[in-house]
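Notes for the one structure printed next.
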Amino acid sequence: MSSSDSDDVPLSRRKQSKPISSDDDSDVPLGKRRKTNGASKLIKEESDSDYGSRRTLSKASSARSTSSLSDANDSSSDSSGSDVPLAKRGATTNGRAKKPTSYKDESSDDSSSEDEVPLAKKKSAAPKKKPASKPAPAKKTNGKVKKESSPPPTKRKTTASSSKKRIKEEEDDSSANRKRIKKEEEEDEKEQEHQWWLDMENQDDSVKWTTLHHNGVMFAPDYVPLPSNIKMKYDGKPISLAPEVEEIAGFFGSMLETDHARNPVFQKNFFNDFRKVARQYKTQPEIKEFAKCDFTSMFEYFQEQREKKKAMTKEDKAKIKAEKEALKEKYGFATLDGRKEKVGNFMVEPPGLFRGRGEHPKTGCLKLRVLPEMVTLNLSKDAPIPPPPAGHKWAGIEHDNTKSWLATWKENINGSTKYVFLGADSSLKGISDMKKFELARELKGKVKEIRARYTAELKDKVMFTRQRATAVWLIDHLALRAGNEKGQEEADTVGCCSLRYEHVTLEKPNILHLDFLGKDSIRFQKSVEVDDQVFKNIKLFKKEPAAVGDDLFDRLKTSDLNKYLQEQMPGLTAKVFRTYNASITFQEQLALLTPKDGTMAEKLLAYNRANREVAILCNHQRTVSKNHSVQMEKIVDKIRALKYQRHKIKQTMLTLEPKLAKKRPELAEPESDLEDEWIEKHEEDLIEKDKEKARQKFAKDNEKRQSEKEKPLPASDLKDILKSLDAKLKDLVKERKTGKVINADKFTIERCDNNLLKIDERIATQRAAMVDKDENKSTALSTSKMNYIDPRITIAWCDKYEVPFEKIYTKTLRDKFKWAAVVDGSWEF
DNA sequence: GTCGGAACTTAGCAGGTTCTCG
DNA sequence: CGAGAACCTGCTAAGTTCCGAC
């Protein structure tokens, strides 16, 4: 860790580059929300049963909000409460760190960490090394890549550390290694791909391309009727269906065991559409009642097919894969301004049943097959028009270079437009991604002013202005979405501007309880301490309409809000606050949580925690896996087992040296969370497991002997072992009663102490894993990682702490974020 | 200004693949 | 070395924002 010489204290780092944006302190007022404080990190969880109780307490998603409330209560002042979750963490600090010993000294031994990276992944790390052949200039300037300022001349930085790495690698010239490097370089050459991010000055927003070529889209395969013995039943009898009808029945049949298929609205919508089609084809007998339909044989058939697919031979699987590859080769790429770029989703959406989320009124409706006649293509005039499937025509051809879509069609359920775009790793997506983050960074510079203005306006005489200010306050502090109006035919979800009376409640001094369904019908349930004036305002807004169903901000629309924001900064809209707050929170948390001289695992843990803060801020949730509680229970049991071991060790020590009880009272203390009943059962289990093991070993040994034509072991061998285990169990029972360990003299105090240490460590590890797991059960980190956190923060951090970013970003994300790889450890959001 | 539609970003889920642990 | 957890990717639904027609 001697290499840490270059590392400054994370926090101080921020100050250093101040001059660039003079008021970059502007985020301080909010900063309080993120203060987190290292203190919470140190809290040790005492009881492991704690999990159990919390779980019962927190049934819904209330765990978070509960803690948020209590946080808010005892934190002295205006912390805005979004710091909610921070208190909970603790215990985890270094638990996990122990596991992967291989990272231990990443600075001196990169070959080991490098080797962990599969070849394919290396590619993106390679370019880093290349420029090292040039004299590495002091490029540490500060990697600000401002729109106007011209970007650094070289592709990638060379930090001291990475050149060190390189040298080391070159010394090691095993041929395999050389070959590998060569391969990397070849791929690199191939990838001399126009690094648009080095040339962002003269970007004209409106024009997306000069030439655009592609092969059109792929259509869903034609329907293949089921074998004739597979039929849905109606009213108890198998019924023959025209393929067109059967297909729809199959859509439902294949998802029989899902929540969708159990949802009455889904059933109703499906059945309506199904019946309509069945009637067209004059199905006999006429299908009239959903309750009389029986799809089980279809369902079973699909299940079977699934099994078969899984059990396919390697060759068959490879074949299928190759076929897929071929199609991808054809449709999966477009040529934009002469450069090959990936297409995102080149396959038009296949027919099926619409899986609307939440209480979507149209969920279950039949999504029709898209035909070429419905699809319009967009490409340049010089591009050959891809031939539509035989016997078909395209709906139209456009040559609009202000649009980035390659194909579009209208979907029949909601009448919305669907598109085929380029992939996330394409230049077009990359450019807009980078612009998004640059805009958020621009907000960083102006946010102080903006906050000052809306804070003042919280007291404005004009109700509209007041509503607007309050809304912006919420958006800024709670990372709410704008909240457009929604139609009757959609799920009832809201964002900031569409919040209604019933979504907010107020509690005495200044606590705001929010509870509503947001995007994707994900519940937003938080309780936060708010600005006094915000509290007053909401009270006021609630008084006026005073009825469930009324808008909280009855005079405010998202367009008003965005217009207001635009006035203060061009391009500023509500969603920019989400990006800004997510990224800045991440950067701050990361600086706070990263242990300077930690192990790789500790650093990664810090990263994930910072990531989790952001996910919580943005309310990114996922459904708790069905067996989460089972898994938790397992860990609790594991810990108990460890505690039992600890208990036995202590008992041994006291048996060896009873006097120790006075000198070291902790040895005599009973383990928490270990009840006699449990111990009894556990001991029985242990012995039973040993017996089972013995039996298996015996059987295996004999098998081996037989194959080697030796005499089998006598059955009495096994019996003896089993008997001795029975005896051991009896001993344990005795020990339980007397508190004395029978064979204690096989140990020494020293050995016991050693073992104690090890057990303690393992318990700590397990506890940490448990906390981590529980905190993560319903939080999805991926969305914020992919959409909200400026990748340059990550890259800079990786550089600074010598973490290979393969450990953080998957291949897909690395490709998506390749534009960000120009920064070094000094870069700041 | 209001409305609806187009275009693009953000989102969770399902299912496949890889990793990990017993 | 096999089961189950974790992770990853693809899919497509559900948002936001902008813009143009009335």
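Since we're looking at a predicted model, the values are computed, not measured. Just so we're on the same page: letters track the sequence lines, and every chain starts at 1.
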Between His360(A) and Phe354(A), how do the two ring planes meet: parallel, tilted or perpendicular, split at 30° and 60°?
perpendicular
Which is true for [X] with a 4.0 Å heavy-atom rule: it touches a base, it touches only sugar-phosphate, or it touches nothing?
{"X": "Ser404(A)", "value": "sugar-phosphate"}
{"X": "Lys367(A)", "value": "sugar-phosphate"}
{"X": "Glu490(A)", "value": "nothing"}
{"X": "Lys362(A)", "value": "nothing"}
{"X": "Gly495(A)", "value": "nothing"}
{"X": "Lys321(A)", "value": "nothing"}

OP1 or OP2 of [N] sitting under 4.0 Å from any side-chain N/O of [X]?
{"X": "Lys436(A)", "N": "dC8(B)", "answer": "no"}
{"X": "Lys575(A)", "N": "dT10(B)", "answer": "yes"}
{"X": "Asn787(A)", "N": "dT9(B)", "answer": "no"}
{"X": "His360(A)", "N": "dA13(C)", "answer": "no"}

Glu349(A) and Lys367(A) ion-paired at < 4.0 Å
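Here Glu349(A) pairs with Lys367(A) in a salt bridge, since their nearest N and O are under 4.0 Å apart.
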Indicate yes or no: does Asp551(A) engage Arg500(A) in a salt bridge with an N to O separation below 4.0 Å.
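Looking at Asp551(A) and Arg500(A), the cut-off is not met.
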Roughly how many Å is it from [atom1] in [X] to [atom2] in [N], rounded to a whole number?
{"X": "Leu572(A)", "N": "dC18(C)", "atom1": "CG", "atom2": "C1'", "result": "15 Å"}
{"X": "Lys310(A)", "N": "dG4(C)", "atom1": "NZ", "atom2": "P", "result": "11 Å"}
{"X": "Leu517(A)", "N": "dA11(B)", "atom1": "CG", "atom2": "C1'", "result": "15 Å"}
{"X": "Leu781(A)", "N": "dT10(B)", "atom1": "CG", "atom2": "C1'", "result": "16 Å"}

Using a strict heavy-atom distance below 4.0 Å, which residues from residues 414-421 of chain A are in contact with DNA chain C?
Lys418(A)
Can you list, by residue number, the residues of residues 557-568 of chain A that have a non-hydrogen atom closer than 4.0 angstrom to DNA chain C?
Asn562(A), Gln566(A)
List, with names and distances, any nitrogen or oxygen atoms from the protein found under 3.5 Å away from nitrogen or oxygen atoms belonging to nucleotides 12-15 of chain B.
unit_1: dG12(B); atom_1: OP1; unit_2: Gln621(A); atom_2: N; d: 3.1
unit_1: dG12(B); atom_1: OP1; unit_2: Gln621(A); atom_2: O; d: 3.4
unit_1: dG12(B); atom_1: OP2; unit_2: Thr783(A); atom_2: OG1; d: 2.9
unit_1: dC13(B); atom_1: OP2; unit_2: Thr623(A); atom_2: N; d: 3.4

Which residue in the set Arg355(A), Arg622(A), Arg357(A) passes salt bridge (charged side-chain N to carboxylate O under 4.0 Å, His left out) when paired with Asp520(A)?
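Between Asp520(A) and the candidates, salt bridge (charged side-chain N to carboxylate O under 4.0 Å, His left out) is satisfied uniquely by Arg357(A).
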Check this for me: Lys317(A), atom NZ, are more than 12 non-hydrogen atoms of other residues, nucleotides or ligands nearer than 6.0 Å?
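Counting neighbours around NZ of Lys317(A), more than 12 heavy atoms of other residues, nucleotides or ligands fall under 6.0 Å, so yes.
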Does a sphere of radius 6.0 Å around NZ in Lys563(A) hold more than 12 heavy atoms from other residues, nucleotides or ligands, not counting ones at 6.0 Å or beyond?
no
Chi angles and distances behind the side chain to side chain contact (heavy atoms under 4.5 Å, CB included) call for Lys342(A), Asp815(A):
CA-CA 11 Å; Lys342(A) 257 190 240 160; Asp815(A) 287 345; 4.3 Å; yes
Atom of Thr779(A), atom of Ala615(A) and distance for their closest heavy-atom approach
CG2-CB, 3.5 Å
Proximity of Phe251(A) and Tyr223(A) rings by center, below 6.0 Å:
no
What is the distance from atom CG of Leu572(A) to atom CD of Glu567(A), rounded to the nearest 0.5 Å?
11.0 Å
For DNA chain B, whose closest nucleotide is more 5', that of Cys618(A) or that of Thr408(A)?
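That would be Thr408(A).
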